[in-house]
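Note: hydrogens, waters and symmetry copies are ignored here, and every other heavy atom, side chains too, is used. Letters A, B, ... are given to chains in the order of the sequence lines, protein chains preceding strands, and every chain is numbered from 1.
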2 protein chains.
Amino acid sequence: MKDLVSRCPIEEVMQVLSGRWPTLLIYYLKEGTKRFSDLRRDNPTISHKMLALELRKLEDAGIVQRAEFEGYPLRVEYDLTPSGHALVPLIDALGEWWAATDSARAELADRSEMADRHD
Amino acid sequence: MKDLVSRCPIEEVMQVLSGRWPTLLIYYLKEGTKRFSDLRRDNPTISHKMLALELRKLEDAGIVQRAEFEGYPLRVEYDLTPSGHALVPLIDALGEWWAATDSARAELADRSEMADRHD
DNA sequence: TCGTGGTTACCAAAAAGTGCGTAATTTACT
DNA sequence: AGTAAATTACGCACTTTTTGGTAACCACGA
């Protein structure tokens, strides 16, 4: 982790959760133990490199646990930590908030469409 | 808004809230009506371009309201919408979660320091 | 030779910073 | 009186920085 030093805890969480992947990965991991290749199958559009990077980030943030097993080919399993599990409902709440405010956004869009029209 | 078309509401919220500024701006706007220059003073490190861009994004997302007043120099006021206000406690919860999991991260850091040490 | 979980180097694309221009009115200076 | 400068909230073009993708390499065993 680089410099996760900011005064505000919110800045710090957002530093971890920002981007396409963190919440998605948390979502797939919520289903249970996953391996690297499982997660790639779950989300085919993430690159090999990004998956490794994002998993590290989540691990450093204490959201994901990594378990390495001896043997070849090497087997590695990923799981949410207890903190990670506690985070899930909070992310859910954001999703629900977004869904609930859908109608408000629809109105906004309608208004701007009307404003755009000049025939 | 470009293509905020994804199957999952969580992906969509994160698209709006990702990055340094959205949550910060929401935080300052929570204090009440702010003007462009107020927000720049609140957060001196944001560039005027980014501030304008981010405010638009939040406006399109229905989180922020923009009110333009005639006259020169032009005056513009920004406020949270009702949806925006509803979002605040959810963001707070993330911050609290992060603060609460601080000790867990501290332990992780300790362990990795021990692992790094090879004297 | 393939599969596993990475890391690294290289490159293209996207994000973000800088500085200039703009509007009409007030204030400040000469 | 006449002129210059400042004010506010941006938009635009240009440059720099940061991200993210691709592909190659590694280890070993079946």
Side-chain angles (χ1 to χ4, degrees), chain A residues 1-6 11 14-25 28-29 32-61 63-79 112 115-116, chain B residues 1-4 6 11 14-25 28-29 32-61 64-79 112 115-116:
Chain A
M1 225 165 351
K2 342 202 155 179
D3 60 327
L4 229 161
V5 185
S6 76
E11 285 187 70
M14 290 315 294
Q15 216 166 312
V16 174
L17 298 184
S18 280
R20 285 180 69 181
W21 307 119
T23 51
L24 261 187
L25 294 181
Y28 285 116
L29 284 169
T33 300
K34 298 266 179 161
R35 301 182 48 185
F36 192 88
S37 47
D38 291 331
L39 290 167
R40 289 212 68 188
R41 264 187 295 278
D42 286 338
N43 206 323
T45 62
I46 194 172
S47 71
H48 193 79
K49 176 188 171 184
M50 281 308 289
L51 181 54
L53 249 44
E54 297 287 305
L55 282 172
R56 281 261 178 273
K57 192 173 67 171
L58 293 175
E59 207 193 331
D60 289 343
I63 294 169
V64 163
Q65 256 174 342
R66 212 181 96 100
E68 200 166 311
F69 297 91
E70 297 301 319
Y72 287 89
L74 179 62
R75 195 160 59 88
V76 181
E77 291 184 352
Y78 295 93
D79 267 298
S112 68
D116 286 351
Chain B
M1 237 172 335
K2 342 201 153 177
D3 60 328
L4 230 161
S6 76
E11 285 187 70
M14 290 315 294
Q15 215 167 313
V16 174
L17 298 184
S18 280
R20 285 180 67 181
W21 308 120
T23 52
L24 261 187
L25 294 181
Y28 286 116
L29 284 169
T33 299
K34 297 267 179 160
R35 301 181 48 184
F36 193 87
S37 46
D38 292 330
L39 290 169
R40 290 213 67 188
R41 263 187 295 277
D42 286 338
N43 206 319
T45 62
I46 194 171
S47 67
H48 73 268
K49 177 187 171 184
M50 281 309 291
L51 182 53
L53 249 43
E54 297 287 306
L55 283 172
R56 284 258 179 274
K57 192 172 69 170
L58 292 176
E59 207 193 331
D60 289 343
V64 162
Q65 258 173 339
R66 213 180 95 102
E68 200 166 311
F69 297 92
E70 296 302 319
Y72 285 87
L74 178 62
R75 197 160 60 88
V76 180
E77 291 186 352
Y78 295 94
D79 267 298
S112 70
D116 285 351

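Going from atom CD1 of I46(A) over to atom P of dT19(D) covers 15 Å, rounded to whole Å. Rounded to whole Å, atom C1' of dG5(C) lies 17 Å from atom CE of M50(A). We find that CZ of R20(B) is positioned 13 Å from C1' of dA15(C), with the value rounded to whole Å. In this structure, N43(B) atom CG and dA16(C) atom C1' are separated by 14 Å, rounded to whole Å. Rounded to whole angstrom, the span from the CG atom of L51(A) across to the C1' atom of dT19(D) amounts to 16 Å. Between F69(B) atom CZ and dA24(C) atom C1' the separation is 18 Å, expressed in whole Å. In this structure, NZ of K34(A) is placed 17 Å from C1' of dG5(C), rounded to the nearest angstrom.
Between F36(A) and H48(A), the ring-plane angle classifies as perpendicular under the 30° and 60° cut-offs.
Without hydrogens or angle criteria, R20(B) side chain to E11(A) main chain gives no donor-acceptor distance under 3.5 Å. In this structure, the side chain of S18(B) engages the main chain of G19(A) through a donor-acceptor pair within 3.5 Å.
For D38(A) and R41(A), the salt-bridge test passes: some basic side-chain N is under 4.0 Å from an acidic carboxylate O.
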Contact state string [nucleotides 6-15 of chain D, B base, S sugar-phosphate only, - no protein heavy atom under 4.0 Å]: -BSSBB----

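Within the model, atoms CG of L58(B) and CG of L29(B) stand 8.0 Å from one another, a figure rounded to the nearest 0.5 Å. We find the OH-CG distance between Y78(B) and L39(B) to be 8.0 Å, quoted to the nearest 0.5 Å.
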